[in-house]
Amino acid sequence: MAINNVKGTHDIYGNESGAYTAIENLLKTVAEIFTYSEMRPPVLEHSEVFIRGVGEGSDVVRKEMYTFLDKADRSITLRPEFTAGIMRVIAQNKLFANVELPLKYYYSGPVFRYERPQLGRYRQFNQFGVEAVGNNSPYLDLEIISMAYTMLQSLGLENVKIKINSLGDEASRNSYKEALKDYFRPYLENMCDDCKSRFELNPLRILDCKVPEDHEIALKCPAIKEYLSEESKSRFDLVVKGLEEMDIPYEIDDGLVRGLDYYSETVFEFQYTSKMGKDYGAIGGGGHYDKLLKELGGADLPGIGFSFGIERLYSVLVDDGLINPNEEDNIDIYVMASSEAKLQALIIANRLRMYGYRIDYCFDDTKLANMLKRADKKNAYIGLIIGEDELRNGTVTIKNMATKEQMTVPNENVDDEIANMIEEREHHMHHHCDCGCEDEHSSCHDDGCECEDCKNKKGLN
Ligand code: AMP
C-alpha cells in the first residue's frame, strides 16, 4: 500500500521549491542590509521553553504543540515558533553580555503546530523572521516595522495592510484584563469553552475568538487604549507618528491582540488582499516583548520581532502574478552522446560545469533526433553532440539550438567555443545596438547608447 504525507504537511518541489528559496533569499538580503545576522536554533527544544516563553494561555501551548517524551522520558517539543527558542539561545549563551545592544538576528525554517488543516493553514509550515533584543528604543519598533515593509515591497507586494496596536506595559495590561473580565463576566456562561478558559488564563485572547456569537460580544468590549499608562501612550504615539513620517501606511486596530502571550507595547500584523480581491488574512505579524528573555533565564531585557509565513507569501505572489508557478526552466547546454561516447561526453560535461554553465546530460541510448527534441523541450541554448564520428576524430559538435547552426570542433577548442557562444548570448541580452560596443552601462534598445560611435552618429559629440 502506498504511503502518503502526514496530514497537514505539504510536499514542496520543482518551481514551488525554487520560489520558496528565492523568497527566502530576498528576505535574507534585506535583513543583511539592516545588519541582522542569521541564527539557526534547533527544531527540538525542551517543552518548557515554549510553555514559559509562549505562555500557558496561548492556543499554541494549550492545544497546538507537537510534544512527546523522548527515549529518556524528557518532554520535547517541535518548535511552534522561533522567538522563544531564540531567547533560550541568547540566555544560555549570554549573548547579551559585553556587546552593543540590540542583538539582531534573522531566522528561516519550518515550524510545527497541531492546527486544523485548511486552505493556507498547515501543521508544518515555514517562517522567516527577525528578532532585535536588548534595546527599548521606540525607534527600534520603527526600524523593525519598516524593515518588514521593505521586505514586502521588495517582493513586489502592493496591497499590504499594516495593522498596529499597543498592548501597553504590564500594569496597563493588567488593568485592561480586569476591565475585560468585568465586561465578559455576564456573558461568560453562554460563551464557548475556549473563551471560558481564556477568561481565566488570558482574557485578551477572547478578542480573537472566531465563534460568531462570541465575536459579536467582543466587538463592544472596552478598548485597550483607554487603559494605557502615560508612558505606553506616548511611546505608541511616537511610533505611529514615525510611520506617518516614513510614509508607511498603517491602520490602528484596537482589536489586534496577537496569538502569543509574550507581547507588550507595540504589536502589528501584515494583512494582504490580492489584486483579484482575495483576502489572505495575515501574511506576517509581530511585536514587542518585555519579559521573554528573563523568563527563559536571561537578563531583564526587552525585544521585538516579527515573522512571515512563507507559504502565505508564496500564495499571494502567485495570485498577484509576481511568481509564475508554471515558468519553464531553461538550461545552457544539453549533452547528447551515442552509447560508446557516453563516458567521454560525461567527462566533457563535468569539465564545462566547472565554468558555472547549467548543463544537463542525456542518459538514454536513443536516436539523435530524439535527443535533439529533448534539448528543445528543455529550452537548451546549446546542444553538445558526441557521436561515433566525433569520438573517433577527437571532436565535438556544437549546435545553436535556436538558429540550428552547428560546427564540429576539435576537443581542445570546445571550452573556448562554448565560452564565445555564452558571451554572445549575454551580449544579445544586454545590447541591441548595431554598433557592437561593449559599454556595460549603455542601454542600446532605447537608443540611449553612450559609446563614442553612437554619440558621434547622433551628433552629441
Ligand atoms: P504567528 O507566529 O502565529 O504570528 O504567525 C506568523 C505567520 O505565520 C502568520 O502571519 C502566517 O502568515 C503564518 N502562519 C501561522 N500559522 C500558520 C499555519 N498553520 N500554516 C501556514 N502559515 C501559518
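For ligands, and for the atoms within them, numbers begin at 1 and follow the listed sequence. The structure presented is a predicted model; accordingly, all values stated were derived computationally and were not measured. Residue numbers run from 1 in the order of the sequence given.
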For ligand 1, which is the ligand I care about here, please tell me if [X] has any N or O atom under 3.5 Å from one of the ligand's N or O atoms.
X: Arg113; answer: yes
X: Phe125; answer: no
X: Ile283; answer: yes
X: Ala282; answer: yes

Quick one: does ligand 1 sit under 4.0 Å from the side chain of [X], the backbone, both or neither, non-hydrogen atoms only?
X: Glu269; value: neither
X: Glu115; value: side chain
X: Glu81; value: neither

Under 4.0 angstrom from ligand 1, any heavy atom of Glu311?
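Outside the 4.0 Å threshold, so no.
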Write out the residue and atom name of the closest protein heavy atom to [atom], then the distance separating them to 0.1 Å.
atom: atom 11 (C) of ligand 1; result: Arg312 NH1, 3.3 Å
atom: atom 8 (O) of ligand 1; result: Gln127 NE2, 3.3 Å
atom: atom 13 (C) of ligand 1; result: Gly309 CA, 3.6 Å
atom: atom 20 (N) of ligand 1; result: Tyr122 N, 2.9 Å
atom: atom 4 (O) of ligand 1; result: Arg258 NH2, 2.6 Å

Which ligand 1 atoms does Gly120 reach within 4.0 Å, using its non-hydrogen atoms?
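Counting from 1, the qualifying ligand atoms are 20 (N), 21 (C), 22 (N).
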Do the numbers put Arg173 on top of the ring of Tyr227, so that NZ or CZ is under 6.0 Å from the six-membered ring centre and no more than 45° off the axis?
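Because its charged atom misses either the 6.0 Å distance or the 45° angle limit, Arg173 does not stack over Tyr227.
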Flag the pair Glu295 and Lys291 as a salt bridge only when some basic side-chain nitrogen lies within less than 4.0 angstrom of an acidic carboxylate oxygen.
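No salt bridge links Glu295 with Lys291.
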Closer than 4.0 angstrom, basic N to acidic O: yes or no for Asp364 and Arg374?
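Salt bridge present between Asp364 and Arg374.
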Would you tell me whether Tyr272 and Asp279 have side-chain atoms, one donor and one acceptor, within less than 3.5 Å of each other?
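On atom types as modelled, these side chains do not qualify, holding no pair under 3.5 Å.
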Does the side chain of Ser108 pick up a donor-acceptor pair with the side chain of Gln127 at under 3.5 Å?
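Side-chain D/A pair, Ser108 to Gln127: absent.
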I need the Gln124 CD to His10 NE2 distance, nearest 0.5 Å.
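These two atoms lie 7.5 Å from each other.
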Examine distances only and state if a side-chain atom of Asp320 and a backbone atom of Leu322 form a donor-acceptor pair shorter than 3.5 Å.
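Not confirmed, Asp320 side chain does not pair with Leu322 backbone.
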Quick one: does Lys63's side chain have a donor or acceptor within less than 3.5 Å of a partner on Val61's backbone?
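Pair absent, no side-chain N/O of Lys63 close to backbone of Val61.
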So if I apply the ring-ring contact (aromatic ring centres under 6.0 Å, His included) rule between Phe308 and each of Tyr314, Phe270, Phe128, which one comes out positive?
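For Phe308, the ring-ring contact (aromatic ring centres under 6.0 Å, His included) test succeeds with only one of Tyr314, Phe270, Phe128, which is Phe270.
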